[in-house]
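Shown next, in structure tokens, is the structure this report addresses.
The chain is numbered in sequence order, starting from 1.
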Amino acid sequence: MLLDVNDDSLQLLKGQRLKNRAARIVTGLPYTVWSAHILKEFDWLPLTEMCKQQKAIMMYKSIHDTAPK
């Protein structure tokens, strides 16, 4: 699924919260630890950055004619 950063900030906020909770479940760390530190430990990008990265990849593939038809 390709999310658009400009589409719906509420959807992105909900998705980021879900991702933060998943990181806490995986690590077993309490809520006193900042989510940014947990995400950085796993090299997980914030959801907005993931969306930007996906767009950049799709643009690259479409320019170089390797995008799915």
Side-chain angles (χ1 to χ4, degrees):
M1 180 171 90
L2 186 64
L3 293 173
D4 190 2
V5 176
N6 299 323
D7 270 354
D8 191 7
S9 59
L10 181 61
Q11 283 294 95
L12 287 172
L13 180 63
K14 287 181 178 182
Q16 187 61 52
R17 285 181 181 164
L18 180 64
K19 190 173 186 176
N20 293 347
R21 286 185 198 142
R24 289 186 192 287
I25 290 170
V26 168
T27 60
L29 292 173
Y31 281 96
T32 56
V33 179
W34 287 6
S35 299
H37 293 183
I38 299 171
L39 296 177
K40 189 173 183 176
E41 179 181 331
F42 284 107
D43 291 327
W44 289 358
L45 293 174
L47 204 51
T48 54
E49 293 302 316
M50 275 182 53
C51 292
K52 289 177 187 176
Q53 184 181 40
Q54 286 178 348
K55 280 185 179 181
I57 290 170
M58 289 301 292
M59 288 301 297
Y60 176 85
K61 287 182 176 183
S62 66
I63 290 170
H64 295 296
D65 210 24
T66 59
K69 305 276 180 200

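A search for salt bridge (charged side-chain N to carboxylate O under 4.0 Å, His left out) contacts involving D65 returns K69, not counting sequence neighbours. Listed by chain and number, the residues in a side chain to side chain donor-acceptor pair (under 3.5 Å) with Q16 are N20 (sequence neighbours excluded). For the ring-ring contact (aromatic ring centres under 6.0 Å, His included) test, no residue two or more places apart in sequence or in another chain qualifies with Y31.
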**OP:** Any chance you could lay out the side chain to side chain contact (heavy atoms under 4.5 Å, CB included) test for Q11 and K14, step after step, and finish with the verdict?
**Re:** CA-CA 5 Å; Q11 283 294 95; K14 287 181 178 182; 4.1 Å; yes

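Side-chain heavy atoms closer than 4.5 Å link hydrophobic residues (I, L, V, M, F, W, Y) into clusters, and following such links, possibly through other members, connects L12 to L45. L13 and M50 are not part of a single hydrophobic cluster, where members link through side-chain heavy atoms under 4.5 Å apart. A continuous path of Ile, Leu, Val, Met, Phe, Trp and Tyr side chains, each step under 4.5 Å between heavy atoms, connects I38 with W44, placing both in one hydrophobic cluster. Note on I57 and M59: separate hydrophobic clusters, where clusters join Ile, Leu, Val, Met, Phe, Trp and Tyr whose side-chain heavy atoms are under 4.5 Å apart, directly or indirectly.
To the nearest 0.5 Å, the span separating CG on L39 from CD on E49 amounts to 12.0 Å. The distance from the OG1 atom of T66 to the CE atom of M58 is 9.0 Å, given to the nearest 0.5 Å. Distance check, rounded to the nearest 0.5 Å: NE2 of H37 to CG of L29 gives 11.5 Å.
Side-chain atoms of R17 and S35 form no donor-acceptor pair, as typed in the model, at a separation below 3.5 Å.
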